[in-house]
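This report concerns only the one structure given below.
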Amino acid sequence: MKDFYIADAATYENAVVTSYFLLSQMSARDKKGGGQYLALTLSDRTGSFDARMWDEIAEALATCTAGCYVKAMGRIERYNGRFQINLQKMRPATEEEIDVTDFQPATQYDVDALWTELNGYVAGFRNPWLQQLVRSFLDDPELGPAFRSAPAAKVLHHAWIGGLLEHVVFLLRLCARVAPQYADEVDPDLLMTGAILHDFGKVRELAWKSSFSYTTEGQLLGHITIAIRMLQEKIAAIPGFPDRLRILVEHMILSHHGKFEFGSPKLPMTPEALVFSAIDDLEAKMQNMRAEFAKAVESGKQPDEVTDFSRSMERPLLNSKAYLAGQS
């Protein structure tokens, strides 16, 4: 955890600070009297500010590049009404020194608690094949940790560190409530398996080390295709896994977007696939609404006012609870 954040610069005016930053931009420029200096932009989760390094720049220029994390020491100063930092030292940060939640938006919930809750649902499975399949994903030394930290999207719903895990746990809570309503048609273990695995491909579709972006694999294949390949690899390592069960799990992943125009290769054709696509859409849209309400308040609107037009929701929105609370 960082001790200094850019939003706190006013508190440290004229003080020398040492902290970690994302190096967003860097260029060497000529000094008027000869030689060069570095003009940089440093960032963290609270914002960004300009930085200048006037002396001994050769090592920093050789070892640091835009997009990397750095450890820097410098004096916080005000220039033209804005804070900046004049650097004395800068070096690349090691992976062990960096907590990505210092630099990217992160879930407001405790990740360990979410992980425990998720594993509690899996422990309650009655179908040993589905339990073994899900455990093969969660216990994978590469996939499990990535799943704990991955965002659920680059921009839209749950676009923050831990967003994918948060999204899945919220879906599991809905599964636990909805499945009993349709007990004659819906297998709860199959429904929850779809909830856990449907977006697992995003751990390879997205990159989130220094900023949220798509990997080349993600751009070319998409998370649904990636998830299907991952599923097939995991099932191949489970001797005797029932083929009909494989088909049903694959169908839930392929159909979870609900419509062809939303990117689903197939429409939901089973009770579990139909229920899951509906609650997945509901959970994503509710998170979008929360974000739009917060953005409206940040822009100066009152909580009980109609928001501006939301591109993600294709309509303006109203916080009905705030609206009722504000009635005279």
Side-chain angles (χ1 to χ4, degrees), residues 107 109 111-153 157-158 161-176 179 187-209 214-215 217-218 221-257 264-265 270 272-273 275-277 279-280 283-284:
T107 178
Y109 302 100
V111 169
D112 289 336
L114 292 174
W115 186 252
T116 298
E117 185 174 351
L118 166 62
N119 281 276
Y121 285 112
V122 179
F125 280 17
R126 295 183 177 181
N127 187 308
W129 295 108
L130 292 178
Q131 187 176 61
Q132 185 177 358
L133 174 63
V134 172
R135 288 253 58 94
S136 72
F137 279 85
L138 300 181
D139 296 340
D140 186 290
E142 176 191 352
L143 299 180
F147 183 76
R148 282 173 59 103
S149 63
H157 72 91
H158 302 85
I161 300 298
L164 180 57
L165 176 60
E166 177 187 330
H167 175 53
V168 166
V169 170
F170 278 32
L171 286 171
L172 289 171
R173 293 173 185 172
L174 289 172
C175 290
D187 182 305
D189 289 356
L190 182 57
L191 182 63
M192 289 190 177
T193 297
I196 296 168
L197 301 184
H198 78 290
D199 274 348
F200 227 105
K202 289 186 176 182
V203 305
R204 290 180 179 164
E205 179 188 42
L206 298 170
W208 58 94
K209 183 176 181 181
Y214 288 100
T215 64
E217 183 182 17
L221 302 181
H223 71 279
I224 291 178
T225 301
I226 295 170
I228 289 294
R229 187 184 71 225
M230 294 164 68
L231 178 71
Q232 292 171 343
E233 291 172 353
K234 292 299 185 185
I235 287 179
I238 303 175
F241 192 93
D243 198 53
R244 291 192 178 192
L245 196 56
R246 172 193 62 81
I247 292 171
L248 293 176
V249 176
E250 285 190 353
H251 177 69
M252 291 190 69
I253 294 174
L254 290 170
S255 65
H256 77 267
H257 283 178
S264 268
T270 66
E272 294 84 6
V275 169
F276 180 70
S277 68
I279 62 176
D280 184 42
E283 212 283 304

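Looking at heavy atoms from C-beta onward, Asp112 lies in side-chain contact with Arg148 at the 4.5 angstrom threshold. Looking only at side-chain heavy atoms (C-beta outward), Leu197 and Leu133 come within less than 4.5 Å of each other. The shortest side-chain heavy-atom distance between Val111 and Ile161 does not fall under the 4.5 Å cut-off. In this structure, the side chains of His167 and Asp280 come closer than 4.5 Å at one or more pairs of heavy atoms. Residues Glu283 and Arg173 form no side-chain contact, since every pair of their non-hydrogen atoms from C-beta on lies 4.5 Å or further apart. Between Leu190 and Thr270, the closest side-chain pair of non-hydrogen atoms is not below 4.5 Å.
Side-chain atoms of Glu272 come within 3.5 Å of backbone atoms of Asp187 as a donor-acceptor pair (strictly under, hydrogens ignored). Between the side chain of Asp189 and the backbone N or O of Asn127 there is at least one donor-acceptor pair closer than 3.5 Å. The backbone N or O of Val122 sits less than 3.5 Å from a side-chain atom of Gln131, completing a donor-acceptor pair.
Closest non-hydrogen pair, Lys202 versus Leu164, comes out as CB-CD2, 4.5 Å. When all heavy atoms of Gly194 and Met252 are compared, the closest pair comes out as CA-CE, 3.7 Å. Heavy-atom minimum distance, Asp140 versus Leu143: OD1-N, 2.9 Å. Listed here is the closest heavy atom pair of His256 and Ser264: N-OG, 3.7 Å. The minimum heavy-atom distance between Ala195 and Val168, with the atom names listed, is O-CG2, 3.7 Å. Looking at every heavy atom in both residues, His198 comes nearest to His223 through O-CD2, 4.0 Å.
A distance of 8.5 Å separates CZ in Phe241 from CD in Gln132, rounded to the nearest 0.5 Å. Annotation: the span from Leu221 atom CG to Tyr214 atom OH amounts to 13.5 Å, rounded to 0.5 Å. In this structure, CG in Leu130 is found 11.0 Å from CG in Leu191, a value given to the nearest 0.5 Å. Between Leu254 atom CG and Ile224 atom CD1 the span is 7.0 Å, to the nearest 0.5 Å. If you take CH2 on Trp129 and CZ on Arg246, they are separated by 14.0 Å, rounding to the nearest 0.5 Å. Note that CZ of Arg244 and CG of Leu248 are 9.5 Å apart. Values are rounded to the nearest 0.5 Å.
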- Would Arg204 and Thr215 count as a side-chain contact (heavy atoms from CB on, under 4.5 Å) if you check the C-alpha gap in whole Å, the side-chain angles of each, and the deciding distance to 0.1 Å? CA-CA 7 Å; Arg204 290 180 179 164; Thr215 64; 5.6 Å; no
Return a table of donor-acceptor pairs under 3.5 angstrom between the side chains of residues 226-233 and protein atoms on other chains or two or more places apart.
residue : atom : partner : partner atom : Å
Arg229  : NH1  : Glu217  : OE2          : 3.3
Arg229  : NH2  : Glu217  : OE2          : 2.5
Gln232  : NE2  : Glu250  : OE2          : 3.4

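Aromatic ring centres of Phe137 and Phe200: separated by under 6.0 Å.
Not counting sequence neighbours, the partners of Ser149 by the side-chain hydrogen bond (donor to acceptor under 3.5 Å, both in side chains) test are Trp208.
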